Amino acid sequence: MAQTVHSAAATTPLETQPDVELRQVLKRFGADVAVRHLDLTVQPGEFFSILGPSGCGKTTTLRLIAGFETPTAGDVLIQGTDVSKVPAHRRPVNTVFQSYALFDHMTVRDNIAFGLKIRRMGAAQVRDRVTDALRLVQMEPMANRYPAQLSGGQQQRVALARALVNRPAVMLLDEPLGALDLKLRKQMQVELANLHRQLGISFVMVTHDQEEALSLSDRIAVMNNGQIEQIGTPSDIYDRPRTPFVADFIGDTNLLSGQIDQVRPSHVQIVTDSGLRLLASANASPAHQTVVVSVRPENISLSSNLPSGPDNCYPGQISHLMYLGTHLHCVVTLASGDLLTVRQPNRADWALSTDTPVYVHWAANDCRVLNAP
């Protein structure tokens with residue numbers, strides 16, 4: 001995961017006027033509802049990501065902020081001003097797209113200057129702003145090249161500079177790194193985080209890449225079927241998911257459905273549909289009797305012998321094994337028939353293989369008990 005520095009925006013006082021606010025925003029395309037009564041706020045200087053699967057409404061939400069779509073109902077506010085019916089070119093935002101949308105017949109310098117010239121800005125001011133933007137994205141040596149002469153990462157930098165040169169109040173990023181290969185995408189994640197920190201303006205990014213959202217964002221909104229399932233910091237979303245969808249979508253997890261059997265001061269006992277008895281912390285207990293238990297693969301341990309002391313321990317055997325260098329990705333079939341995914345450190349003192357009998361075990365505190373959908 002990219003090592004980035006989060007801004008201090010997550011601690012912005014709640015009374016501060018948001019840079020972006022959506023109030024009960026609804027968007028229909030004919031009979032189809034793309035966004036369902038959405039409420040969200042983006043605080044000044046915040047890196048805010050909208051994360052979700054294809055078709056969940058995240059790109060439509062970004063287009064509503066940008067002005068490329070008009071809400072069917074509800075209000076879109078930017079820095080306290082209702083812009084719901086204001087056209088895109090009159091909003092204090094700029095958008096960077098996955099496709100970059102650079103003009104092939106223009107040099108890097110001319111691509112960056114294009115928006116300023118359209119606004120009839122003076123030549124000297126255009127020159128100064130373009131120079132500053134080139135320096136910011138470290139593209140001064142490439143100023144006179146054409147897009148076809150640039151790598152994907154360099155084209156992305158030009159697209160960012162072209163948006164930043166207009167000095168927007170809010171930067172909108174639509175899958176900005178999606179066209180890059182894995183290594184370059186990770187490099188650009190670090191550069192994007194550093195750029196955000198230097199500028200201090202709000203970034204709103206749409207992505208389906210969970211690692212990208214977790215590593216870059218101050219807060220994340222997870223969307224599903226046109227609605228927000230949860231908004232929170234990366235650690236809130238990953239460690240304290242509120243719904244089975246969020247637990248399953250963010251990272252890897254094991255989901256076990258069942259019924260609450262006993263509630264005690266220190267723990268809750270759940271009986272799964274396959275007959276397993278699980279213990280979970282009482283503070284994770286939801287109100288409903290029918291629940292889903294989430295256990296992250298990295299929180300499950302494997303032992304060759306029956307361990308003493310764990311809250312949850314079950315026999316099984318390894319049915320699938322993937323070598324990942326520092327870790328092993330294991331699928332364990334329990335005696336109950338349940339399949340559990342386990343992320344096991346690669347230990348030289350224990351050779352694992354398919355069909356190896358094992359015990360899986362984890363602590364009650366490592367369970368997250370959620371209301372069944």
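No experiment lies behind these values; they were computed from the predicted model shown.
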Return the CD1 to CG distance between I112 and L134, rounded to the nearest 0.5 Å. 4.0 Å
Checking side-chain contact (heavy atoms from CB on, under 4.5 Å) for the pair L192/L160: CA distance, chi angles, key distance, verdict? CA-CA 9 Å; L192 194 60; L160 286 166; 4.0 Å; yes
With sequence neighbours left out, what residues match R157 under salt bridge (charged side-chain N to carboxylate O under 4.0 Å, His left out)? E191
What residues, two or more places apart in sequence or in another chain, satisfy salt bridge (charged side-chain N to carboxylate O under 4.0 Å, His left out) together with D252? R343
What one should report as the nearest heavy-atom pair of P53 and F249 is N-CZ, 3.6 Å
Does a side-chain heavy-atom distance below 4.5 Å link L214 with L51? no
Is Q262 atom CD crowded by more than 12 heavy atoms from other residues, nucleotides or ligands, each under 6.0 Å away? yes
Could you check Q154 against M139 for side-chain contact (heavy atoms from CB on, under 4.5 Å), going step by step and ending with a plain yes or no? CA-CA 8 Å; Q154 290 167 339; M139 287 293 290; 3.8 Å; yes
Decide yes or no for Q259 and V271: does some side-chain heavy atom of the first lie under 4.5 Å from some side-chain heavy atom of the second? no
Enter the distance from I220:CD1 to S49:OG here, rounded to the nearest 0.5 Å. 6.0 Å
Out of curiosity, does V83 fall in the hydrophobic cluster containing I201 (side-chain heavy atoms, cut-off under 4.5 Å, transitive links)? no
For F203, check ring pair (Phe, Tyr, Trp, His ring centres under 6.0 Å) against everything at least two apart and list the hits. F47, H196
Assigning hydrophobic clusters by single linkage (Ile, Leu, Val, Met, Phe, Trp, Tyr; side-chain heavy-atom cutoff under 4.5 Å), is L172 placed with V137? no
Non-neighbouring partners of T341 that pass side-chain hydrogen bond (donor to acceptor under 3.5 Å, both in side chains), sequence neighbours left out: none
OG1 on T131 to CZ on R129, rounded to 0.5 Å: 12.5 Å
Report whether I237 and V204 are members of the same hydrophobic cluster (ILVMFWY, side-chain heavy atoms less than 4.5 Å apart, transitive linking). no
Under 4.5 Å between side-chain heavy atoms, counting indirect links through other Ile/Leu/Val/Met/Phe/Trp/Tyr residues: same cluster for L22 and L62 or not? yes
How close do V25 and P71 get, heavy atom to heavy atom, and via which atoms? CG1-CB, 4.0 Å
Regarding T207 and D209, do their side chains bring together a donor and an acceptor under 3.5 Å, going by distance alone? no
Please report the shortest heavy-atom distance between Q17 and Q79, naming the atom on each side. NE2-O, 2.8 Å
Counting C-beta onward and ignoring hydrogens, is there a side-chain heavy-atom pair between V246 and N224 closer than 4.5 Å? no
Donor-acceptor pair, side chain of R145 and main chain of L150, under 3.5 angstrom: no
How about V342 and P297: do any of their side-chain heavy atoms sit closer than 4.5 Å? no
Tell me every residue that passes side-chain contact (heavy atoms from CB on, under 4.5 Å) with Y146, counting only those two or more places apart in sequence or in another chain. T107, Q149
Ring pair (Phe, Tyr, Trp, His ring centres under 6.0 Å) with Y359: which residues, sequence neighbours excluded? none
Write out all pairs satisfying side chain to side chain donor-acceptor pair (under 3.5 Å) with one or both partners inside residues 20-29, taking only residues at least two apart or from two chains. E21-R23, Q24-D39
Would you mind reporting whether T41 and R219 have side-chain heavy atoms less than 4.5 Å apart? yes
Of all heavy-atom pairs linking Q189 and L216, the shortest is O-CD2, 3.1 Å
So do the side chains of P241 and R368 get within less than 4.5 Å of each other, counting heavy atoms only? yes
To the nearest 0.5 Å, what is the distance between OG1 (T253) and CD (E298)? 8.0 Å
Flag, side chain of R296 to backbone of D366, donor-acceptor distance under 3.5 Å: no
Stepwise side-chain contact (heavy atoms from CB on, under 4.5 Å) check, K58 with T61: CA-CA 5 Å; K58 59 186 185 296; T61 300; 5.5 Å; no
Considering residues at least two apart in sequence or located in another chain, which fulfil the ring pair (Phe, Tyr, Trp, His ring centres under 6.0 Å) criterion with Y238? none
Answer whether the closest heavy-atom distance between the side chains of T243 and Q230 falls below 4.5 Å. no
Shortest non-hydrogen separation from G115 to N166 and the atoms involved: C-OD1, 4.1 Å
D236: partners by salt bridge (charged side-chain N to carboxylate O under 4.0 Å, His left out), with sequence neighbours left out: R240
Just so I know, are the side chains of L102 and R162 near enough to count as touching, which here means a heavy-atom distance under 4.5 Å? yes
Pairwise side chain to side chain donor-acceptor pair (under 3.5 Å) hits with a residue in residues 325-334, at least two apart: S319-T333
R135 meets the salt bridge (charged side-chain N to carboxylate O under 4.0 Å, His left out) criterion, sequence neighbours left out, with D132
Please set out all donor-acceptor pairs under 3.5 angstrom arising from side-chain atoms of residues 305-315, sequence neighbours excluded.
residue, atom, partner, partner atom, Å
D311, OD2, A364, N, 2.7
N312, OD1, L279, N, 2.7
N312, OD1, Y314, OH, 3.3
N312, ND2, L279, O, 3.0
Y314, OH, R277, O, 2.6

Option among I78, V42, D218 that satisfies the side-chain contact (heavy atoms from CB on, under 4.5 Å) test with S202: V42
Find the distance between CD1 (I318) and OG1 (T354) and round it off to the nearest 0.5 Å. 7.5 Å
If hydrophobic clusters are built by linking Ile, Leu, Val, Met, Phe, Trp and Tyr wherever their side-chain heavy atoms come under 4.5 Å apart, do I118 and V165 end up in the same one? no
Kindly say whether E212 contributes a backbone atom to a donor-acceptor pair with the side chain of S215 at under 3.5 angstrom? yes
In Å and rounded to the nearest 0.5 Å, what is the CZ to NE2 distance from R91 to H89? 11.0 Å
For side-chain contact (heavy atoms from CB on, under 4.5 Å), just list the numbers for N225 and R36, CA-CA rounded to whole Å, side-chain angles, deciding distance to a tenth of an Å, and then say yes or no. CA-CA 8 Å; N225 195 28; R36 304 170 184 270; 3.9 Å; yes
Can you name the closest pair of heavy atoms from F103 and N111 and give their distance? N-OD1, 2.8 Å
Between T272 (side chain) and G258 (backbone), is there a donor-acceptor pair under 3.5 Å? no
